[in-house]
Peer 1: 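Below: one structure in structure tokens.
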Amino acid sequence: MTLPQTQQETKAVADAWDYKGQPALKSTSGGWSGAAMILGVEAVERLVTLGIAVNLVVYLTRTMHLGNASAANIVTNFMGTSYILTLLGGYVADTFLGRYLTVGVGATVQAIGVTILTFSTIVPSLQPPKCDLGSASCIPANGKQLAVLFTALYMTALGTAFLKSSVSGFGTDQFDESDPKEKGRMIKFFSWFFFLINVGALTAVTILVYIQDKVGRKFGYGICACAIVVGLVVFLSGTKKYRFKKLVGNPLAQFASVFVAAWRKRHMKLPFDASVLFNIDDIIGDENVKDKQKLPHSKEFRFLDKAAIKGSSTEFSGTAILNNWNLATLTDVEEVKLVIRMLPTWGTTIMFWTVYAQMTTFSVSQATTMDRHIGKSFEIPPASLTAFFVASVMLVIVFYDRIIVPLCARYLNNPHGFTPLQRIAIGLVMSIFAMIAAALTEIRRLNVAQSHGLTNNPNAVIPMSVFWLVPQFLLVGGGEALTYIGQLDFFLRECPKGMKTMSTGLFISTISLGFFFSSILVSIVDKVTTKTRPWLADNLNQGKLYDFYWLLAILSVLNMMLFFYCAKRYVYKEKRLAEAGIQMEDSGPVCH
């Protein structure tokens with residue numbers, strides 16, 4: 001029976017409360033009135049984070065007088081930290097604070113960090129004396145100056161991580177998935193969410209970077225500080241309109257309990273018939289567990305099945321009371337197995353983000369040495385080349401959604417386009433071609449520098465257009481669009497419903513580990529090659545950056561081969577369930 005419109009609007013939303021702790025009503029809470037405020041704070045977060053990150057290497061080399069390798073590692077460590085700490089943010093949100101408070105705390109901490117960064121550009125004593133780059137009079141930043149800088153950067157990273165970990169989830173909390181109309185609006189929310197992320201990114205790499213380079217860092221970073229404060233105020237102003245969900249608890253507990261229970265029963269023998277193992281049907285009283293989707297038994301990782309062996313202390317008239325650390329249901333075990341099966345894909349996507357990291361470090365360093373003029377008078381900032389990267393992301397998404405998906409639906413009978421693993425594979429291939437293009441461009445840049453006698457002059461503008469760098473930005477940007485959405489789709493679709501936070505954390509951790517691996521690789525290469533002709537010289541005209549790009553291309557090829565091997569062996573959850581005659585429950589929105 002369909003309720004009249006007025007009754008539907010005053011109907012309470014299941015498992016949702018308003019700011020007073022009362023059941024949330026559709027007419028007074030949630031929907032676009034709340035989601036719009038959340039979209040605003042995320043757009044500002046992206047503006048601020050990229051407004052700092054994409055142009056940071058220029059600040060570190062030109063103002064703080066650090067070497068190219070050191071500057072690149074500071075940038076990648078900053079970005080890596082901002083992603084890896086989302087795991088902590090997700091844990092805090094699910095277990096202690098809830099998503100609303102986590103977003104609010106994150107935005108506040110980020111605002112403090114950016115404010116400190118702004119003051120560090122205003123106070124002269126927090127920067128080394130000005131000098132000509134490469135001259136003997138250049139003094140690198142001292143310990144005190146770097147301490148203030150790192151405090152600002154890592155406070156910003158912590159705030160970014162807490163905000164990022166919960167903002168999308170809090171946005172989806174504003175829509176009732178049981179209502180078809182609101183579920184449709186939630187899908188539109190994801191589209192607007194990704195669109196505004198890219199609007200914030202595009203604004204950062206064009207307008208904000210231009211202000212930093214041409215007007216002054218203090219103004220550029222000051223705008224970032226003001227923007228996040230305004231975003232926080234807008235977010236808090238929507239408090240009375242939000243819907244709030246209860247805490248879901250520690251998402252790692254189930255994963256840990258299965259391993260602990262299996263280890264405690266490691267000496268017990270598994271029964272031949274899996275149907276006698278403890279499962280959902282044997283549970284008394286815990287409705288949350290009984291509501292789980294029952295999963296078929298699989299023969300992989302059978303050691304974990306021991307967690308579901310019934311002991312005499314847990315049997316009671318054919319039923320059992322669940323003890324998480326001594327006994328787990330077979331469905332819990334199978335959910336853990338689902339996560340384990342995703343790990344090879346998780347590991348083989350890290351390399352893409354290592355390639356991605358070069359777009360904010362050495363590619364920007366290359367741009368600083370090249371002719372950046374458009375016409376006779378206008379000169380674009382080096383970091384603004386990232387605009388091609390962001391534009392490529394947006395164009396590939398539109399092309400995929402409008403062209404590829406309809407073609408796949410028509411000729412391949414697949415309404416969702418390529419599978420998640422196919423999209424990731426295409427992104428990995430594009431990253432390889434990006435590094436090949438980067439290496440070839442660098443070889444040409446060095447040849448031009450040598451032919452004009454500019455090899456020993458680090459401040460010289462090489463008469464070669466900076467737009468030679470555009471192909472590598474376009475290829476990595478297009479690869480990111482496919483890899484990012486492919487990963488997001490894969491981890492959301494394949495994860496157990498009770499482990500979405502962990503699964504999303506796994507996805508985000510690949511980005512973080514990609515940045516950290518870049519830092520490790522740069523440190524190793526710099527240490528090994530510094531005694532001869534350094535690949536990553538402070539004066540790029542005397543270095544062999546192209547060899548570093550070739551190294552990344554080779555590593556990416558090896559990684560892609562491993563990915564193809566793992567992907568070929570992977571069986572999607574939907575297929576596993578279909579073979580057992582079980583229909584898969586909805587795991588979340590499928591990303592096209």
Side-chain angles (χ1 to χ4, degrees), residues 42-43 46 50 54 168 187-206 345 348-360 363 383-412 414-438 441 467-493 507-508 510-511 514 552-553 556 559-560 563 567 589-592:
E42 173 55 21
R46 195 83 308 233
L50 281 187
V54 297
S168 60
I187 294 173
K188 288 185 178 180
F189 168 82
F190 276 102
S191 298
W192 277 104
F193 185 82
F194 197 73
F195 175 76
L196 287 175
I197 282 177
N198 284 286
V199 168
L202 197 59
T203 305
V205 302
T206 52
T345 300
T348 51
T349 51
I350 292 172
M351 191 63 209
F352 175 87
W353 299 106
T354 299
V355 171
Y356 173 96
Q358 311 317 311
M359 298 303 103
T360 57
S363 292
S384 287
L385 277 186
T386 317
F388 291 100
F389 174 86
V390 178
S392 178
V393 171
M394 300 175 77
L395 287 173
V396 168
I397 290 172
V398 172
F399 178 79
Y400 180 82
D401 193 47
R402 300 299 180 185
I403 306 297
I404 300 298
V405 172
L407 287 176
C408 288
R410 183 173 180 179
Y411 296 107
L412 301 179
N414 187 351
H416 299 307
F418 297 133
T419 66
L421 293 179
Q422 287 172 340
R423 274 174 277 178
I424 294 171
I426 296 171
L428 293 179
V429 171
M430 293 180 74
S431 71
I432 294 171
F433 283 108
M435 289 298 94
I436 293 173
T441 300
F467 295 107
W468 279 88
L469 297 175
V470 168
Q472 62 204 60
F473 282 95
L474 292 178
L475 285 166
V476 175
E480 189 215 356
L482 293 169
T483 302
Y484 185 99
I485 297 177
Q487 282 184 280
L488 185 61
D489 193 356
F490 176 79
F491 283 102
L492 284 178
R493 181 189 294 186
F507 157 55
I508 293 176
T510 64
I511 304 176
L552 288 174
S556 296
N559 177 77
M560 184 186 67
F563 172 83
V590 176
C591 305
H592 282 181

Peer 1: What distance separates Asn198 CG from Leu202 CG, expressed to the nearest 0.5 Å?
Peer 2: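 It is 8.0 Å, given to the nearest 0.5 Å.
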
Peer 1: Side-chain contact, heavy-atom cut-off 4.5 Å: Phe418 with Tyr400?
Peer 2: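 Of all side-chain heavy-atom pairs linking Tyr400 with Phe418, at least one is under 4.5 Å.
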
Peer 1: Does any part of the side chain of Glu480, heavy atoms only, come nearer than 4.5 Å to the side chain of Phe352, both counted from C-beta?
Peer 2: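 Phe352 reaches Glu480 side chain to side chain.
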
Peer 1: Any heavy-atom pair between the side chains of Leu552 and Met351 that's under 4.5 Å?
Peer 2: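 Yes, their side chains come closer than 4.5 Å.
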
Peer 1: In the structure I gave you, are the side-chain heavy atoms of Val393 and Ile397 within less than 4.5 Å of one another anywhere?
Peer 2: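 When only atoms from C-beta onward are counted, Ile397 and Val393 do touch, with a gap below 4.5 Å.
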
Peer 1: Nearest 0.5 Å please: distance from the CZ atom of Phe490 over to the OG1 atom of Thr345.
Peer 2: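 Answer rounded to 0.5 Å: 4.0 Å.
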
Peer 1: Could you check if a side-chain atom of Leu469 sits within less than 4.5 angstrom of a side-chain atom of Phe473, using non-hydrogen atoms only?
Peer 2: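 Leu469 reaches Phe473 side chain to side chain.
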
Peer 1: What distance separates Asn559 CG from Ile350 CD1, expressed to the nearest 0.5 Å?
Peer 2: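 Spacing of CG (Asn559) from CD1 (Ile350) equals 8.5 Å.
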
Peer 1: Please report the C-alpha distance between Ser363 and Leu385 in whole Å, then the side-chain angles of each, then the deciding distance to 0.1 Å, and finally whether the side-chain contact (heavy atoms from CB on, under 4.5 Å) criterion is met.
Peer 2: CA-CA 9 Å; Ser363 292; Leu385 277 186; over 6 Å; no

Peer 1: Counting C-beta onward and ignoring hydrogens, is there a side-chain heavy-atom pair between Leu196 and Glu42 closer than 4.5 Å?
Peer 2: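 Of all side-chain heavy-atom pairs linking Glu42 with Leu196, none is under 4.5 Å.
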
Peer 1: Below 4.5 Å, heavy atoms only, C-beta onward: do Phe389 and Leu474 meet side chain to side chain?
Peer 2: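 The answer is no; the side chains never approach within 4.5 Å.
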
Peer 1: Atom CD1 in Ile403, atom SG in Cys408: separation rounded to 0.5 Å?
Peer 2: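 The distance works out to 11.5 Å.
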
Peer 1: Write down the atom of Ile511, the atom of Tyr484, and the distance for their closest heavy-atom approach.
Peer 2: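 Nearest heavy atoms, Ile511 then Tyr484: CD1-CE1, 4.2 Å.
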
Peer 1: Which heavy atom of Thr206 sits nearest a heavy atom of Ala387, and at what distance?
Peer 2: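 Taking Thr206 first and Ala387 second, the nearest heavy atoms are CG2-CB, 3.8 Å.
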
Peer 1: Measure centre to centre between the rings of Phe189 and Trp192, then say whether the value is under 6.0 Å.
Peer 2: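 Here the rings of Trp192 and Phe189 have centres that are no less than 6.0 Å from each other.
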
Peer 1: Taking atom CG of Asp489 and atom CZ of Arg423, what is their separation to the nearest 0.5 Å?
Peer 2: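 Output value for this atom pair is 4.5 Å.
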
Peer 1: Which heavy atom of Val396 sits nearest a heavy atom of Gly478, and at what distance?
Peer 2: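 So the minimum-distance heavy-atom pair works out to CG2-CA, 3.6 Å.
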
Peer 1: Evaluate the side-chain proximity of Thr386 to Met359: yes if any heavy-atom separation is below 4.5 Å, no if none is.
Peer 2: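 No - every pair of side-chain heavy atoms lies 4.5 Å or more apart.
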
Peer 1: Measure across Pro420 and Gly486 and return the closest heavy-atom pair with its distance rounded to 0.1 Å.
Peer 2: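 Looking at all heavy atoms of both residues, the closest pair is CB-O, 3.5 Å.
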
Peer 1: What is the distance from atom CD of Gln472 to atom OG1 of Thr441, rounded to the nearest 0.5 Å?
Peer 2: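 So the gap between those two atoms works out to 5.5 Å.
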
Peer 1: Parallel under 30°, tilted from 30 to 60°, perpendicular over 60°: which one fits the rings of Phe388 and Phe467?
Peer 2: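 Ring orientation, 0 to 90° scale: perpendicular.
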
Peer 1: Please find the pair of heavy atoms, one from Ala437 and one from Leu475, that lie closest to each other, and give the distance.
Peer 2: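 Residues Ala437 and Leu475, closest heavy atoms: CB-CD1, 4.4 Å.
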
Peer 1: Phe507 vs Thr349, test: side-chain contact (heavy atoms from CB on, under 4.5 Å). Steps then yes/no.
Peer 2: CA-CA 9 Å; Phe507 157 55; Thr349 51; over 6 Å; no

Peer 1: Of all the heavy-atom pairs spanning Ser168 and Phe193, show the shortest one and how long it is.
Peer 2: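 Looks like CB-CZ, 3.8 Å.
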
